[in-house]
Amino acid sequence: MDILSSLPLEWVPIYPMNRKDVVFDVFKHHISYKDGLPPYAQARIIDLITNRLIKARQYPTLWVSVDAPGDWYVVEVKRLVKKKIPMTVQPAWKTIVIERNFSQSIHPTYLREGDLPILAPRFDPADYGIKESVLRVLQIMARLKTAYRPEIASLAGFSESHIRNLLKQLQAENLIERRRIGKYEGYAIRTKGLKLAHRSWNIPKGVHFEKHRGEFRYAGERHRRVSRRWRAWLEAAHPNIEILESWTEAPLFYGIPDALIWGRKGEHEILFWLEVDSGHSSKKVMRRNYSHRFQNAYQHAKRLGISIVFCIMGPPWVVRFFPSCIPYLYPNMTIIGQDWRAFGKLPFYETGGWFSGIDNRKKYPTEKPLPFDPSQYPPKPKKKGISTKPKSTKPKYSKGFDDADWWYRGSSEREE
DNA sequence: AGGATCCGAAGCGCAGCGTC
DNA sequence: GACGCTGCGCTTCGGATCCT
């Protein structure tokens with residue numbers, strides 16, 4: 001049938017009875033943690049493929065091969081995928097699967113002799129004459145739609161200089177274009193680029209992936225920028241942490257972090273969950289939101305046996321208010337807070353506590369008195385993340401915190 | 001008020017690094 | 001030596017601030 005020929009899968013039948021005409025109808029789909037997609041989006045692609053398979057075959061099954069170090073990514077894909085047909089999600093090094101590995105028992109299919117399915121070829125960047133690094137940038141752009149260079153560099157984990165070259169190549173191929181976004185010139189992906197990104201993820205032609213692909217929520221300019229540069233921020237602050245991947249707005253469990261970094265320290269996997277809070281919602285709403293999220297995050301981390309570092313960023317008063325939103329301190333979760341203007345700086349932390357990078361002694365011009373007594377809340381910050389001094393003490397806020405960047409020196413400087 | 005100045009963000013070129 | 005990549009210095013641009 002025609003549907004099959006549009007699916008970039010491999011056919012890897014299992015012969016349970018040693019008869020050529022009786023098979024388990026297994027299709028294999030490959031994904032990688034380097035695809036620029038969080039597990040959630042990969043799972044949605046798998047669902048779309050599944051739907052096609054159901055239309056095309058009587059008893060199809062799917063074997064998803066996941067190229068990823070550690071456990072978290074594989075486990076997340078496994079958890080998020082809908083298992084409408086017998087399915088198995090395996091790390092890429094597994095080259096053989098058996099019936100037991102599948103989520104449900106498999107109905108055998110009777111095949112006419114020589115009746116081999118014809119499938120579309122799996123994506124290979126070489127076929128499109130595109131280098132892997134260039135493709136990576138394109139895939140990131142497909143999620144962002146429009147972005148500034150430092151944001152793209154951060155998410156890709158490349159230097160800005162290098163990103164510049166890669167963007168130039170994409171531009172030469174008409175896959176992206178320069179466009180003015182707000183105040184500055186940035187980059188926007190073009191339809192041609194989106195199509196190629198979709199092909200690179202082995203998404204069947206003709207399915208709608210748009211709503212799963214990108215960032216979900218509206219975010220203010222600064223909010224977005226801080227989120228997108230989370231990786232670069234963490235790299236600058238804690239260079240000893242190995243970062244495996246980072247995404248903005250990656251759906252996790254019941255919450256969507258503004259940005260998520262999946263990394264590790266030695267063999268131990270860690271999620272760095274960023275929430276950027278501009279402080280526009282009321283304190284009551286903030287409290288409610290966060291106590292929920294922590295409960296969920298804690299359960300998730302416990303189930304997976306990993307640890308989570310949760311970071312709240314926002315204007316100083318939000319970070320200072322934040323401890324009152326924490327119902328408990330959990331043993332496998334660290335909570336840190338930082339002023340969202342202090343790029344590249346994060347407080348020192350130890351697992352299980354609350355640490356703030358905000359200097360409590362410093363007076364901020366538009367500061368309102370604290371609505372609570374800070375001393376009634378758990379551990380005090382152990383180290384100040386801010387070392388630079390104000391250049392001026394004159395208040396000059398007029399339009400709110402979004403414009404208040406004035407007392408931080410260059411963002412590239414590092415402590416120690 | 002209006003021009004001068006400052007500053008942060010983005011951009012470019014290029015030297016230089018390590019790896020194959 | 002080509003390749004993939006980083007670091008750094010310098011320019012440009014535009015908004016905010018300062019000064020008269």
Side-chain angles (χ1 to χ4, degrees), chain A residues 32 34 36 125-126 128-141 144-173 175-189 200 219-246 248 276 313 315-316 338-345 364-366 386-416:
Chain A
S32 165
K34 284 179 271 187
Y128 289 80
I130 189 168
K131 279 184 287 183
E132 297 226 8
S133 54
V134 178
L135 177 64
R136 172 164 176 78
V137 177
L138 185 70
Q139 290 171 325
I140 286 164
M141 283 301 294
L144 304 181
K145 294 206 274 234
T146 60
Y148 298 114
R149 206 175 64 186
E151 301 173 342
I152 304 165
S154 172
L155 283 162
F158 291 140
S159 72
E160 288 191 36
S161 306
H162 186 46
I163 274 289
R164 199 171 68 213
N165 291 326
L166 302 178
L167 287 170
K168 213 176 263 173
Q169 292 176 50
L170 285 171
Q171 215 180 336
E173 298 292 322
L175 297 166
I176 62 169
E177 65 189 13
R178 307 235 45 198
R179 190 184 297 168
R180 196 186 162 93
I181 316 162
K183 261 204 256 185
Y184 304 103
E185 286 278 303
Y187 296 87
I189 192 161
S200 77
E221 182 101 346
R222 163 162 230 119
H223 185 110
R224 200 175 54 220
R225 190 174 169 75
V226 170
S227 304
R228 288 175 170 182
R229 295 212 294 169
W230 179 219
R231 176 179 183 155
W233 195 313
L234 181 69
E235 270 172 349
H238 295 300
N240 55 333
I241 285 157
E242 178 193 3
I243 294 175
L244 295 166
E245 257 296 16
S246 75
T248 46
V276 183
M313 284 210 212
Q338 183 58 282
D339 185 328
W340 64 356
R341 292 157 299 187
F343 179 81
K345 297 192 195 314
Y364 294 86
T366 51
I386 299 166
S387 54
T388 43
K389 287 183 178 167
K391 289 179 199 157
S392 154
T393 48
K394 253 191 255 174
K396 45 175 142 183
Y397 296 107
S398 53
K399 292 178 188 162
F401 285 100
D402 276 22
D403 303 305
D405 300 70
W406 50 276
W407 67 71
Y408 291 100
R409 287 236 130 263
S411 58
S412 52
E413 74 185 352
R414 207 173 279 176
E415 279 164 277
E416 109 203 87

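Lettering follows sequence order; numbering is per chain, from 1.
- Residue A/Val276 comes nearest to A/His223 through the heavy atom pair O-CE1, 2.8 Å, listed as atom of the first residue, atom of the second, then distance.
- For A/Ser133, the listed nucleotide lying nearest its side chain is C/dC5; candidates were B/dG11, C/dC5, C/dC8.
- One interatomic measurement links the two molecules: CZ of A/Phe158 to P of B/dC17, which rounds to 21 Å at whole-angstrom precision.
- In this entry the distance linking CZ of A/Arg224 with P of B/dA9 reads 15 Å, nearest Å.
- Dashed line: the shortest gap from a side-chain N or O of A/Arg225 to OP1 or OP2 of B/dA10 is under 4.0 Å.
- For A/Arg164 and C/dG4, the CZ to P distance is 17 Å, given to the nearest whole Å.
- One can place NE2 of A/His162 at 14 Å from C1' of B/dT19, the figure rounded to the nearest angstrom.
- Between the side chain of A/Ser154 and the backbone N or O of A/Arg228 there is at least one donor-acceptor pair closer than 3.5 Å.
- The shortest distance between the side-chain N/O atoms of A/Arg149 and the OP1/OP2 oxygens of B/dC12 is below 4.0 Å.
- Minimum interatomic distance between A/Tyr187 and A/Met141 (heavy atoms only, all atoms of both residues): O-CE, 3.4 Å.
- If you take CG of A/Leu167 and P of B/dG11, they are 9 Å apart, rounded to a whole angstrom.
- With a 4.5 Å cut-off on side-chain heavy atoms, A/Pro316 and A/Arg341 count as touching.
- Nearest nucleotide to the side chain of A/Ser161, out of C/dG4, C/dC5, C/dG7: C/dG7.
- Between A/Arg178 and B/dG11, a side-chain N or O to OP1/OP2 separation shorter than 4.0 Å is present.
- If you measure from atom CG of A/Asn165 to atom C1' of B/dA15, you get 14 Å, rounded to the nearest angstrom.
- Protein atom CZ of A/Phe343 is 10 Å distant from nucleotide atom P of B/dA9, rounded to whole Å.
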Worked verdict on A/Arg231 versus A/Glu235 for salt bridge (charged side-chain N to carboxylate O under 4.0 Å, His left out): CA-CA 6 Å; A/Arg231 176 179 183 155; A/Glu235 270 172 349; 3.2 Å; yes
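- Contacts of A/Glu185 with the nucleic acid, taken as non-hydrogen atoms under 4.0 Å apart, involve only primed sugar atoms and P, OP1 or OP2.
- Of the candidates C/dT6, B/dG11, B/dG13, the closest approach to any side-chain atom of A/Lys168 belongs to B/dG13.
- Separating the NZ atom of A/Lys131 from the C1' atom of C/dC5 is a distance of 11 Å, rounded to the nearest angstrom.
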